[in-house]
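Accompanying notes for the structure given below.
Here is how names work: the chains are called A, B, and so on, in the same order as the sequence lines, proteins then strands, and each is numbered from 1.
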Amino acid sequence: MHGNTGKVLDVDLTSGKVEELELDEDIYKQYVGGVGLAAKLIFDRGNLDAEPLDLDALLIFATGPMAGTGMYGTSRLSVGARSPLTGIWGQASCGGNFGPELKRCGYDAVIFKGKAANPCYLLLEDEKAELVEAPDLWGKDVFETTDALKEKHGKQHKVCAIGPASENGVPFGSITNDYGHHFGRAGMGTVMGSKNLKAFVTKGGRKSEFADPEGFKEFWQNTVRPQVEENIFCNALKAFGTACNMELKMMEGDVPTKNWSIGSWMEGPETLSGIAMSDTIRTDTDSCRGCAVKCKPVVKVEEGPYAFAEGPGPEYETIAVFGTMMMNPNLEAVCKANDICNRLGMDTMTCGSTIAWAMSCFEEGILKPEDYDGVKLDWGDIDTVLDLLPKIAKKEGKLAQLMAKGSRKASEEVGAGSEKFLTDSKGLESAMHDPRCNWGDGLANAIGVRGACHVSNLTFLWEWGAIEYPEVGLDMLFQPMSAEHKAFGTAVTTDIGSICNSACWCEFPASSLTLTQWVEAFNLVAGYGYTIESMMEAGTRIWFLQRALGTIWGARGEDDKIGERIMTPVDDGMIAGSVPDMDRMLKEFYELRGLDADGKPTRETLDKYGLGYLAEKLGV
Amino acid sequence: MKVKVRFAGLFRRYVGEREAEFEIPDGSTAGDLLVLLGKTYGHCLPDGLWDDESLKFHRSMRLARVDAGTIDPDETLREGDELLVIFALAGG
């Protein structure tokens, strides 16, 4: 087998037994790898009746076929499980260096099941796997844990670790690879914590095997390298990070502000943007392994109330959620919030969105300080937020306990009209791009397999005009605030996103290449024998499988919607009065996808994509 | 007629101005103004954003009326229009 190794490690934490599984090559061609492979393994091998934190719930780490090949952006890794935050399919991916290292150990994926009797970590050195008891690591933060494991095993060992938030069952616990790369969303760290699995450590030496080594070398030198390195989008990210154009996006109305209640707040991006960061506290840029884009800022705050040592800085989502969403223009304070969340192992996006939701509720009198130990969250009061973050990780105090549920569950507890300030789809809070500015993004959030999500699809990049794919009909002109073409565009960009995430391929360098070149990459590395049509079909197949898992776990067509706050128009800025036409876009999308009125695939649709095995579970 | 163009974010960084006023012929379209912007500021812009030979911007480059939204390249501009330069270089 090329690209992939065909081998998966099956780790039973209850018994301590570790087995090696071999997979058929066809599974990789059908599901690509990464989150596609993880979903297939969970469907085939998991107990689908298990609750997210039950003993027999599965947690899967999976690489893509190009991990370790040097292809820009393919050092990413995926994690899949039933989400403790949403109850449906959960997936998260991050860059860094763990994916290639896992592949260098000889495995495409690792399945964790059961629960260890005591806190432990998996040490994987080449093909030798050992569960190591580590009660002394329990309670340590992510950085302390990573330091301890690198000191014990060597700095070249790669570490994925969880923090106290995941240990304490906060449902949006994250997993961190080597300090600065995070599996942030959907509570994958919490699943890890429920298994007493504190960390996963790898060091391998196996070399990549290519289907066509010479062909890949030529493709890399003559196509990939110049196209990525000369790509204007990648170069802007390299110069100023993912918040590079925040000021302009605020003027357009794309940046959520004051918990999505106003359309423009120019004071924020003036001090918060990637440009402002590069002019003030940024000291360097970092990259995932072997990537030319280098979009990750390194920052240092030397003095003052938000001082901290040089380290990973926030990217756009975190800047918006702890900045504009809370009406906080102080970038140093955002960096501090980011650092606290990272060390404690909490998803900044769910955490920040839940706090911003609470600010709306306090403002409206739905939440009252007297009910929460006298604490009140006000717009712009970042110091109270910073005090609250460690308490959320520990579930300490009434307000922190409420925030530690995530916004949807917190709102269900509070009631009293608090749902009108929610911004989630299916329990996952929206990313920091406003569907009232780009209507297709609203549809993409509504039909997202893990809930509201902008990276399981490339819809927002297409809608902005950053990418076009004429090979599959995506080269039309359209208006962002319109339903025209959006169902088709969202369907196609969702399939492209499924391929991208399953290949564990970062969308930034990947979007510098054409789909024809994607096909070439898969075929030269892994010998998938793809055509554009069969590659796109794999993307569609993965989306249906992940959606089916959501359906099995309780999601329904009526849940294909976006948060009430986002469906409420603002009265200022360029998006004043805009509300996405969700009814039209969803109706057209269901027809295009072959979904019935309840949002389930028809039997004919399942058969078209080789998914007939889902029919019984879905009742179709 | 006169129109005002605002620059924000990366574009402002590239050109070093917050806004500029242009005198353009009656009946000019958004596309005509984009070409004028390219000719005026192309030397400040990174490779790939403006092409001096084809006189075209990157495909994501658009104009929007401030507080009104994006406009198509063939849309006719009006006296006193306040416009914003939009292009899709951002992430997150």
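Only the backbone of Ile467(A) comes within contact range of chain B, with at least one heavy atom under 4.5 Å from a heavy atom of that chain. Proximity to chain A involves both the backbone and the side chain of Ile86(B), based on heavy atoms less than 4.5 angstrom apart. Only the backbone of Glu463(A) comes within less than 4.5 Å of a heavy atom in chain B; its side chain stays farther off. Neither the backbone nor the side chain of Ser482(A) comes within less than 4.5 Å of any heavy atom in chain B.
Defined by atom type and a distance below 3.5 Å, a donor-acceptor pair is missing between the side-chain atoms of His433(A) and Lys249(A). The closest side-chain donor-acceptor pair between Glu315(A) and Asn338(A), if any, does not fall under 3.5 angstrom.
For the pair Asn457(A) and Thr490(A), the minimum side-chain heavy-atom distance is 4.5 Å or more.
Taking 4.5 Å as the heavy-atom cut-off, the residues of residues 15-42 of chain B that approach chain A are Arg18(B), ordered by number.
For Asp51(B) and Lys56(B), the salt-bridge test fails: no basic side-chain N is under 4.0 Å from an acidic carboxylate O.
Of the listed residues Met481(A), Glu230(A), Glu252(A), the one with more heavy-atom pairs under 4.5 angstrom with chain B than any other is Glu252(A).
With sequence neighbours excluded, the residues forming a ring pair (Phe, Tyr, Trp, His ring centres under 6.0 Å) with Trp505(A) are Trp518(A), listed by chain and number. Taking Phe240(A) as the reference, nothing meets the ring pair (Phe, Tyr, Trp, His ring centres under 6.0 Å) condition, with sequence neighbours excluded.
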Would you tabulate the side-chain donor-acceptor contacts of residues 2-13 of chain B under 3.5 Å, counting partners in other chains and residues two or more places apart, or write 'none'?
unit_1: Arg6(B); atom_1: NH2; unit_2: Glu82(B); atom_2: OE1; d: 3.1
unit_1: Arg12(B); atom_1: NH1; unit_2: Glu247(A); atom_2: OE2; d: 2.5
unit_1: Arg13(B); atom_1: NH1; unit_2: Asp279(A); atom_2: OD1; d: 3.3
unit_1: Arg13(B); atom_1: NH1; unit_2: Asp279(A); atom_2: OD2; d: 2.7
unit_1: Arg13(B); atom_1: NH2; unit_2: Asp279(A); atom_2: OD1; d: 2.9

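The six-membered or imidazole ring of Trp50(B) lies away from that of Phe87(B), with a centre-to-centre distance of 6.0 Å or more.
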